[in-house]
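See below for the structure under consideration.
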Amino acid sequence: MSEPSTVPTPDRTLVIVKPDGVARGLTGEVLRRVEAKGYRVVRLEMRRATPDELARHYAEHEGKPFYQPLVDFMLSGPVVLAVVEGHGVVPGFRSLAGATDPTAAAPGTIRGDLGRDWGLKVQQNIVHGSDSAESAARETAIWFGADA
Ligand code: IDP
């Protein structure tokens, strides 16, 4: 099913399958849930993040105790970057992802079904999803360039 023609510019969000999700072979499962919900993947790329991209992406967390473990974790292996489109997709993907802490995330969500506490300094919680339309635009420009 495609977007109704009355929606001229569908919303977009930036989804990242984090290194734990990629390493555990969950990329397909994450994308399956995105597509099964009815959203459309419009850009998709697997590669390693750079320190510069992560510094920009996580700028709001700089100085917090989990910041450096988070950056180190995100550099530890390849990530899958996806631009996902659909009306309401920003909060919609956050609902699919579930709460930040996988222990607290509700069953039925990606983090609730597939994540757990590994006893590390950083919550390895499988996915990232933008928290607002503004964040989505900012993050998409960081990872895919200004004209993405
Ligand atoms: P979000 O990914 O659910 O939007 P944010 O608050 O933006 O959550 O945090 C970014 C990432 O930093 C989280 O996804 C998680 O991997 C990590 N993180 C956030 N808070 C903590 C914490 O209190 N301890 C350890 N890691 C955390």
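Quick note: numbers below take in every heavy atom, side chains included, and nothing from hydrogens, waters or symmetry partners. Order of appearance sets the numbers: ligands from 1, and atoms from 1 within every ligand.
- Within the structure, the side chain to side chain donor-acceptor pair (under 3.5 Å) test picks out the following pairs touching residues 136-148 (sequence neighbours left out): H57-W143, H128-E139, S130-E139.
- In this structure, the side chains of V80 and L44 come closer than 4.5 Å at one or more pairs of heavy atoms.
- Taking E29 as the reference, R32, R33 meet the salt bridge (Lys or Arg N to Asp or Glu O under 4.0 Å) condition, with sequence neighbours excluded.
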Does ligand 1 have any N/O pairs with the protein under 3.5 Å, and how far apart?
residue, atom, partner, partner atom, Å
ligand 1, 2 (O), R111, NH2, 3.3
ligand 1, 3 (O), T100, OG1, 2.6
ligand 1, 3 (O), R111, NH1, 3.3
ligand 1, 4 (O), R94, NH1, 2.8
ligand 1, 7 (O), H61, NE2, 3.0
ligand 1, 8 (O), T100, OG1, 3.4
ligand 1, 9 (O), H61, NE2, 3.3
ligand 1, 14 (O), K18, NZ, 2.9
ligand 1, 14 (O), N125, ND2, 2.8
ligand 1, 16 (O), K18, NZ, 3.1
ligand 1, 16 (O), Q123, O, 2.8
ligand 1, 26 (N), Q123, N, 3.1

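- At a threshold of 4.5 Å between side-chain heavy atoms, the hydrophobic network of Ile, Leu, Val, Met, Phe, Trp and Tyr places F144 and Y39 in two separate groups.
- For the pair R116/T103, no side-chain contact is recorded, criterion being any heavy-atom separation below 4.5 Å from C-beta on.
- The side chain to side chain donor-acceptor pair (under 3.5 Å) test applied to K64 returns H61, not counting sequence neighbours.
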